[in-house]
Amino acid sequence: MEPKPSRRIMTRDIFLLIVTMTWLVTGDAGGIKAKERLFNLEKLEMFVDKLPHIPTLHGYHFVNGFLKPKSLHIGMFLKKWKFHRDLPATPVFAYGTSRRLATVPGPTIEAVYGVDTYVTWRNYLPLHHILPWDPTISPAIPKHGGIPTVVHLHGGIHEPTSDGNADSWFTADFKETGSRWTKKTTHYVNKQQPGNMWYHDHALGLTRVNLLAGLLGAYILRHSSVESPLRLPTGREFDRPLVIFDRSFRKDGSIYMNATGNNPSIHPQWQPEYFGDAIIVNGKAWPRLTVRRRKYRFRITNASNARFFRFFFSNGLEFIVVGSDSAYLAKPVSTKSVLLAPSEIVDVVVDFSKSTSKTAILANNAPYPYPSGDPVTEENSKVMKFKIKNRSEVDTSTIPKKLIDYPPANVSTSSRTRYIAMFEYVSSTDEPTHLYINGLPYNAPVTETPKIGTSEVWEVINLTEDNHPLHIHLGLFKVLEQTALVNSEEFTDCMTKENDAIKCQISKYARGNKTAVTVHERGWKNVFKMMPGHVTKILVRFSYIHSNDSYSFDATQEPGYVYHCHILDHEDNMMMRPFAMVK
């Protein structure tokens, strides 16, 4: 394995050269001229737009008093969207049952445990993208034009053919499909533990631009017999998803994305991370919400491409964490701040009756890139504002001492240990060119083949300077420990040559300081923040966590599953690997 990549453009074929030249002619020139066209966010007054209620679609219906499976038809449309009262309308890609009803984020899908939901995702997008994309990072490129899309239900436990594989993309009217596309309608069996998920585009090499354009939305799986006794805040007013992400805009209101790569002679457009300064919540920049002096439940998803958020309240209010990613905790955890990586979800209760002030700002102080990047600015340090009513009231909701206690993670029963190494490659100017997992690109043959019903220990070795949120499709995991590497440069040199943690004597280097896992992150997760220069040990479970039942589908089918970094710019440039389940 070479320590540095080739410095010449990898021209796959004449077609790719034509696509590249076409993009260079029609794409934004980037650089100074693009910066001059940026909208001055200081001109936008914060907290003027009300927090929207995201539309809800039920993934079930009642027939003669019984819950029955439902088929939904959700399209992807090009439309204009108002992110702020004083910002010109923005061209976006939006999910919805029609162009008129399409929203950013898309409608929240509510499903019920044990009742199947079927969704036919339809692509009504135009021939050309509204954002610059890079043809040199092996993206999906249809022969006849169009925008490839495929939907992944993040956190969902379902059949491979409904998982949204990156090669299962399709264009408008299914005119062209990827090499692993199988069917028009996805099937979500909804037999996993209740909790929060989100759906988003997952097309090969285009995930970052398709999400930036707006293709994302929340998905909630409810289980009334398990959840109702908890008596947490419920109802449309008191139980709300908060889908949060960052964007920058041009003067005309369009989404700004730098069109010049950090290594333009290698990748004309690709940048290692996207950051926007306007913070969007449920489709509005820095919205406001009037709340009563009682408890509210917020299901918070970080839907940013690369930005980490460390949330806290300006008036010292606490978050009472009841769930992490797609599963409840065993018991609530109170904390003053919550750090969320891209794609992480935290389920919290906030008791506004405890507030000593009439307002509270949900704020952010996470550097970007995380953890050693720039400090936050006035614009990206504010998220939204809560205006708290004066009068106290009776609140029948509770915060129970116990929530849902799933079986413990038992390392002694794991079937094997795997070493998962994260590499970053740079050019002669020390700028990133691409990122690999285990020294392999996405399209290299499968090397991980877990057995259904087993647990595995994964030792994730981060050899880069970035914090990488690792997401594993299908499997849930618990974080066991985080250990700093000693003599990390020496170990990295060996790994660059050998690509073998055992040959490079990982035990000799993984003996630095240990960082305790944050209390509210000790439950079952599907994403976790892999600290730079550390080995993070996780126990991955390849079965349902709430029962001893096997999957209700054949998990060994093609096209299998993937695991990847959820900084989307990294995922798109090869920091993703396939795995195949075996019986």
Side-chain angles (χ1 to χ4, degrees), residues 152-158 163-164 166 192-193 195-202 207-208 211 216-221 241-245 273 299-311 321 323-329 338-348 366 369-371 409 420 422 435 437 456 458-460 462 464 466-480 482 515 517-532 534 536-542 545 561-572 575-577 579:
H152 168 56
L153 177 53
H154 179 112
I157 298 177
H158 41 253
D163 189 58
Q192 65 192 79
Q193 74 291 337
N196 305 297
M197 294 169 268
W198 66 300
Y199 61 93
H200 61 77
D201 188 77
H202 211 268
T207 301
R208 74 198 190 289
L211 265 73
L216 53 97
Y219 189 108
I220 299 172
L221 179 59
L242 298 180
V243 181
I244 304 177
F245 50 85
E273 288 99 11
R299 303 163 187 261
I300 305 174
T301 301
N302 180 357
S304 300
N305 280 32
R307 184 181 292 279
F308 285 62
F309 288 102
R310 186 186 289 115
F311 295 116
V321 183
S324 180
D325 292 335
S326 59
Y328 278 93
L329 301 182
V338 174
L339 178 67
L340 275 194
S343 82
E344 280 191 302
I345 299 176
V346 66
D347 196 338
V348 302
Y370 188 83
I420 309 295
M422 296 175 156
L435 303 98
I437 295 178
E456 295 188 350
W458 287 21
E459 304 248 9
V460 185
N462 186 350
T464 81
D466 291 330
N467 190 311
H468 297 286
L470 179 69
H471 173 46
I472 303 174
H473 290 210
L474 184 71
L476 288 170
F477 59 84
K478 283 198 173 185
V479 185
L480 305 176
Q482 304 167 98
T515 300
V517 181
T518 306
V519 176
H520 68 262
E521 295 185 316
R522 296 177 185 173
W524 289 99
K525 293 181 61 62
N526 58 57
V527 183
F528 191 69
K529 300 167 281 287
M530 302 299 159
M531 296 172 64
H534 281 68
T536 302
K537 180 187 287 189
I538 62 176
L539 183 75
V540 192
R541 182 70 181 162
F542 292 103
I545 62 168
Y561 300 92
V562 298
Y563 64 98
H564 57 86
C565 172
H566 222 291
I567 293 177
L568 301 182
D569 314 274
H570 297 177
E571 172 189 341
D572 274 355
M575 206 170 199
M576 176 166 67
R577 288 286 297 141
F579 70 90

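- The shortest side-chain heavy-atom distance between Q192 and L476 does not fall under the 4.5 Å cut-off.
- For the atom pair R208 CZ and D569 CG, the distance stands at 6.0 Å (nearest 0.5 Å).
- Not a single side-chain hydrogen bond (donor to acceptor under 3.5 Å, both in side chains) links T301 to another residue, sequence neighbours left out.
- A side-chain donor from one of S304 and N302 sits under 3.5 Å from a side-chain acceptor of the other.
- V460 is listed as a side-chain neighbour of M422, based on a closest heavy-atom distance under 4.5 Å.
- Take E273 and apply the salt bridge (charged side-chain N to carboxylate O under 4.0 Å, His left out) test, not counting sequence neighbours, and it matches no residue.
- Within the model, atoms CG of L221 and OG of S326 stand 9.5 Å from one another, a figure rounded to the nearest 0.5 Å.
- Across every non-hydrogen atom of H158 and Y561, the tightest pair is O-OH, 2.8 Å.
- Taking the side chain as every heavy atom from C-beta outward, H468 and L435 approach each other to under 4.5 Å.
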Inset, instruction - Give the C-alpha distance, both sets of side-chain angles, the deciding distance and a yes or no for side-chain contact (heavy atoms from CB on, under 4.5 Å) between I300 and I345. - result: CA-CA 6 Å; I300 305 174; I345 299 176; over 6 Å; no
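- Remark: Y563 engages W458 in a ring pair (Phe, Tyr, Trp, His ring centres under 6.0 Å) (not counting sequence neighbours).
- Residue R310 comes nearest to A366 through the heavy atom pair N-CB, 3.5 Å, listed as atom of the first residue, atom of the second, then distance.
- Residues passing the ring pair (Phe, Tyr, Trp, His ring centres under 6.0 Å) test with Y219, sequence neighbours excluded: Y188.
- In this structure, the side-chain hydrogen bond (donor to acceptor under 3.5 Å, both in side chains) partners of K529, at least two apart in sequence or on a different chain, are E344, E521.
- Take E571 and apply the salt bridge (charged side-chain N to carboxylate O under 4.0 Å, His left out) test, not counting sequence neighbours, and it matches no residue.
- Legend: residues meeting side-chain hydrogen bond (donor to acceptor under 3.5 Å, both in side chains) with D347, ordered by chain and number and at least two apart, are N196, R297.
- The side chain to side chain contact (heavy atoms under 4.5 Å, CB included) search around H154 returns H152, W198, H200, S343, H471, N526, V527, H566, not counting sequence neighbours.
- When all heavy atoms of A409 and L539 are compared, the pair lying nearest together is CB-CD2, 3.3 Å.
- Ring centers of H564 and H473: under 6.0 Å apart, within the cut-off.
- Residues satisfying the ring pair (Phe, Tyr, Trp, His ring centres under 6.0 Å) test with F542, not counting sequence neighbours, are F579.
- With contacts defined as side-chain heavy-atom distances shorter than 4.5 Å, the pair I538/I472 qualifies.
- You'll find the side chain of F308 reaches within 4.5 Å of the side chain of P469, heavy atoms only.
- In this structure, the separation between CE on M531 and OH on Y370 is 7.5 Å, given to the nearest 0.5 Å.
- Residues meeting the side-chain hydrogen bond (donor to acceptor under 3.5 Å, both in side chains) test with W524, sequence neighbours left out: none.
- At a threshold of 4.5 Å between non-hydrogen side-chain atoms, the residues L216 and F245 count as touching.
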Inset, instruction - Could you check F311 against V348 for side-chain contact (heavy atoms from CB on, under 4.5 Å), going step by step and ending with a plain yes or no? - result: CA-CA 12 Å; F311 295 116; V348 302; over 6 Å; no
Inset, instruction - Verify side-chain contact (heavy atoms from CB on, under 4.5 Å) between L470 and T536, making sure each step is shown before the conclusion. - result: CA-CA 11 Å; L470 179 69; T536 302; over 6 Å; no
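- For Y199, the ring pair (Phe, Tyr, Trp, His ring centres under 6.0 Å) partners are Y95, W121, not counting sequence neighbours.
- Among residues two or more places apart in sequence or in another chain, the side chain to side chain contact (heavy atoms under 4.5 Å, CB included) test is passed with S324 by L329, K525.
- Considering only heavy atoms from C-beta on, H534 stays 4.5 Å or farther from N462 through its side chain.
- Looking at I420 and M530, their side chains never come closer than 4.5 Å, going by heavy atoms from C-beta outward.
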